[in-house]
Amino acid sequence: MREAAKKGRPEFRNVGIGDITGKYRMPPSAIVSILHRVSGAGLFLFLPFTLYLLQESLRSEISFAHFAGIVDNVFVKIILLGLSWAYLHHFIAGVRHLFMDNHLALDKDAAQKTARWVLVGSLVLTALVGLKLFGVF
């Protein structure tokens with residue numbers, strides 16, 4: 001190590017999780033990439049719950065009333081809002097990746113701009129879903 005410092009070579013250190021939050025600022029495309037993976041994992045993990053709610057809503061009138069009772073709970077609404085964000089973010093980021101697969105918006109500026117659009121679009125659409133879910137309109 002001392003030899004490297006004497007010769008003017010760069011010194012590389014391992015990066016810890018604490019360093020990421022404090023020292024380094026991730027670009028929007030990195031944030032979108034991480035959230036794309038997180039949203040996909042969340043959708044997969046909550047798939048049984050989502051399928052159960054779908055089954056309850058479609059089986060009969062009585063099961064639909066049961067479904068309405070389940071969804072009326074605030075805790076369930078928050079879970080559904082999180083799942084809505086996960087779906088919307090995953091979908092919009094997937095469309096962004098399709099454009100990138102077709103060699104569109106690959107340069108740094110365009111990639112950062114589309115990443116910001118993914119973040120803003122998913123949050124705006126999730127807010128609209130939340131307003132509908134909590135009965136504002």
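Residues take their numbers from the sequence shown, with the count starting at 1. Everything quoted here is computed from the prediction, not taken from an experiment.
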Atom [atom1] of residue position [X] - does it have more than 12 heavy atoms of other residues, nucleotides or ligands inside 6.0 Å?
X	atom1	value
L45	CG	yes
F91	CZ	no
F49	CZ	yes

Under 4.5 Å between side-chain heavy atoms, counting indirect links through other Ile/Leu/Val/Met/Phe/Trp/Tyr residues: same cluster for [X] and [Y] or not?
X	Y	answer
L54	L80	no
V76	V74	yes
L47	V38	no
I31	M100	no
L98	L43	no

Partners passing salt bridge (Lys or Arg N to Asp or Glu O under 4.0 Å) against R116 (at least two apart in sequence or in another chain):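 Counting only residues at least two positions away or on another chain, R116 forms no salt bridge (Lys or Arg N to Asp or Glu O under 4.0 Å).
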Pairwise side-chain contact, L35 with V118, heavy-atom cut-off 4.5 Å (strictly under):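 No - every pair of side-chain heavy atoms lies 4.5 Å or more apart.
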Student check: side-chain heavy atoms of P48 and L51 closer than 4.5 Å: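 The answer is no; the side chains never approach within 4.5 Å.
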Hey, what do you get for [atom1] ([X]) to [atom2] ([Y]), rounding to the nearest 0.5 Å?
X	Y	atom1	atom2	result
T114	L104	OG1	CG	10.5 Å
K113	D107	NZ	CG	10.0 Å
W85	S39	CH2	OG	5.0 Å
F99	L106	CZ	CG	12.0 Å
K77	S84	NZ	OG	12.5 Å
F134	L81	CZ	CG	6.0 Å

Residue pair H89, T126: steps toward the side-chain contact (heavy atoms from CB on, under 4.5 Å) verdict: CA-CA 9 Å; H89 178 83; T126 302; over 6 Å; no
Residue among V124, L88, L83 satisfying side-chain contact (heavy atoms from CB on, under 4.5 Å) with V129: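 So, applying the side-chain contact (heavy atoms from CB on, under 4.5 Å) to V129 and each of V124, L88, L83, only L88 qualifies.
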Audit row: I70, Y52, side-chain contact (heavy atoms from CB on, under 4.5 Å) steps and yes/no: CA-CA 11 Å; I70 292 172; Y52 170 72; 3.8 Å; yes
Short side-chain to backbone donor-acceptor contact, H90 and H36, under 3.5 Å: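 Such a contact is found between H90 side chain and H36 backbone.
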Polar side-chain atom of R96 near backbone of A111 as donor-acceptor pair, under 3.5 Å: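 Yes; judged by distance alone, with no hydrogens or angles, the pair exists.
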Over all atoms of both residues, closest heavy-atom pair of K132 and F137: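 Minimum heavy-atom contact is CD-O, 3.4 Å.
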Test item: side-chain donor near acceptor, S29 and Q112, under 3.5 Å: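 Q112 and S29 do have a side-chain donor-acceptor pair below 3.5 Å.
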